[in-house]
There are 2 protein chains.
Amino acid sequence: MARKTGSHSEITGPKIKQAALELFARHGFAAVTMRQIAARVGVQAGAIYNYTPDKQALLFDLLHGHMADLLTRWAQEHVPHDPVAALDHFVAFHLDFHIRRPELVFISYMELRNLTEENFKAIEEKRSRYEKIVYDMILKGVRSGDFQVPDAKITSFALIAMLTGVVDWFREDGRLSSDELTRQYCALARQTLGVNAPA
Amino acid sequence: MARKTGSHSEITGPKIKQAALELFARHGFAAVTMRQIAARVGVQAGAIYNYTPDKQALLFDLLHGHMADLLTRWAQEHVPHDPVAALDHFVAFHLDFHIRRPELVFISYMELRNLTEENFKAIEEKRSRYEKIVYDMILKGVRSGDFQVPDAKITSFALIAMLTGVVDWFREDGRLSSDELTRQYCALARQTLGVNAPA
DNA sequence: ATATTAACTGAACCAGCGTTCAGATCAATC
DNA sequence: GATTGATCTGAACGCTGGTTCAGTTAATAT
């Protein structure tokens, strides 16, 4: 047959994905060329097409993999029954997952409009699933009386926005450790959801 | 001399800016061509260069004008001395200003990386000025004892993120009026900043 | 009427794009 | 050592991008 051990494909493939991720995050999908990606991998542009049908698929695979990863990992979490504990748990999970992948979070928000309509729908569907998780969590706490919010839907958007916004400024080597970050945002999230608020 | 009344320049100029804004917001700066912008104005691509030196300047003028407008308008506001009233005032101002210009808000966040380094710095400087306004406002309330937050800096980022995130989903003709939106977010912001929180 | 000139056209320029593909390369197999 | 086939090169393809510019158009001033 042909090579198995010593084959480059198991190296080049991931390297292409990684290079595409970094370049898309830095310059934006439309501004990045296949030749730039190839150069970063140390290969000619044509070689990329052994690993992806086209540039669009390169973007889609990154975004789709990211969302699939997010949902899979959340499904594996053991969520406490108490609404306040569940909130803390979610905040910790969301922050941890997102600050570990700043580039993916970035392009998942920025490059949606560079997706084919069909590809866009696939991502959108997964995103909605995640937003529903947050909404349901808030609703449960409101019904039990643990949370007090003006509007559950709005609050779910606000909570996600303020948590995800962290990747815009947080740096692993900054003045704040990720543990400290989580603690601060748990407190902030509790306040936002009106935990212990006067009836 | 030549034409004054009936001159098209006072019409075409703004039309180009408007077309560029809409297209940049929809497809992204890098994905939009000068020919697309020209077509929307009803003119040939070459004509655009009577109004802007290049494509980059088209983007920069939009972003810079937006930030300048934001700062100018805030400077004209009459801010109450009481920290809680000041917070309400800011929330109302920020929401009103931003939901009236969703495209500008959008590209001001998305297209920063398509700016020249020099142009980027100019925008960044204005953005920092605005963030400082929020930070100072929070700090003042913390010192007076009206606000209770885990960390003033983090809270300022969180507040801006959750307010600005509104443009991602708010529609003028949706289920929520902009008045109602403001009321909800004033309440949410108060909770987030720990107004009336137990000491 | 004529001259003037701002505003615009239409065609061109060239660099660069995504993508293709015939052929070179070379580790694994026989 | 010859064969095989996955992997990659290097050059090319057709096309489109931003930008330029000589020339046309038409509203004003004289």
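Per chain, numbering begins at 1; letters A, B, ... match sequence-line order. These values consider heavy atoms only, across backbone and side chains, with no hydrogens, waters or symmetry-generated copies. Remember, it's a predicted structure, so these values are computed and weren't measured experimentally.
Listed nucleotides: D:dC8, C:dT9, C:dT19. Nearest to the side chain of B:A47: C:dT9.
Checked for salt-bridge contact, B:E77 and B:R73 miss the test: no charged N lies under 4.0 Å from a carboxylate O. Salt bridge status for A:D151 with B:R175: present, with a side-chain N to carboxylate O gap under 4.0 Å.
Between the OH atom of B:Y49 and the P atom of D:dG18 there is a distance of 7 Å, given to the nearest Å. Residue A:K55 contributes atom NZ, which lies 15 Å from atom C1' of D:dC15 at whole-angstrom precision. If you measure from atom CE of A:M34 to atom P of C:dG18, you get 7 Å, rounded to the nearest angstrom. The interatomic distance linking B:N50 (CG) with D:dT20 (C1') rounds to 12 Å, in whole Å. Between the NZ atom of A:K15 and the C1' atom of D:dT7 there is a distance of 14 Å, rounded to whole Å. Per the geometry, CD1 belonging to A:I48 stands 15 Å off P belonging to D:dT7, to the nearest Å. Per the geometry, CD1 belonging to B:I11 stands 15 Å off C1' belonging to C:dA6, to the nearest Å. Here C:dC17 presents its P atom at 7 Å from CD of A:Q36, a figure rounded to the nearest Å.
Listed pair B:T33 / D:dT16 fails the phosphate criterion, with no side-chain N or O lying under 4.0 Å from OP1 or OP2. The shortest distance between the side-chain N/O atoms of A:Q44 and the OP1/OP2 oxygens of D:dG10 is below 4.0 Å. The shortest distance between the side-chain N/O atoms of B:Y51 and the OP1/OP2 oxygens of C:dC8 is below 4.0 Å. Contact annotation: A:T12 side-chain N/O to D:dC8 OP1/OP2 distance is under 4.0 Å.
Within the 4.0 angstrom heavy-atom criterion, only backbone atoms of the sugar-phosphate kind lie near B:V32; the bases stay farther away.
With hydrogens and angles ignored, a donor-acceptor pair closer than 3.5 Å exists between the side chain of B:R35 and the base of D:dG18.
Atom NZ of A:K15 has 12 or fewer neighbouring heavy atoms from other residues, nucleotides or ligands inside a 6.0 Å radius.
A search for salt bridge (Lys or Arg N to Asp or Glu O under 4.0 Å) contacts involving B:R35 returns nothing, not counting sequence neighbours.
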Item to check | A:S156/A:E131 under side-chain hydrogen bond (donor to acceptor under 3.5 Å, both in side chains): CA gap, chis, key distance, verdict | outcome: CA-CA 7 Å; A:S156 71; A:E131 285 173 356; over 6 Å; no

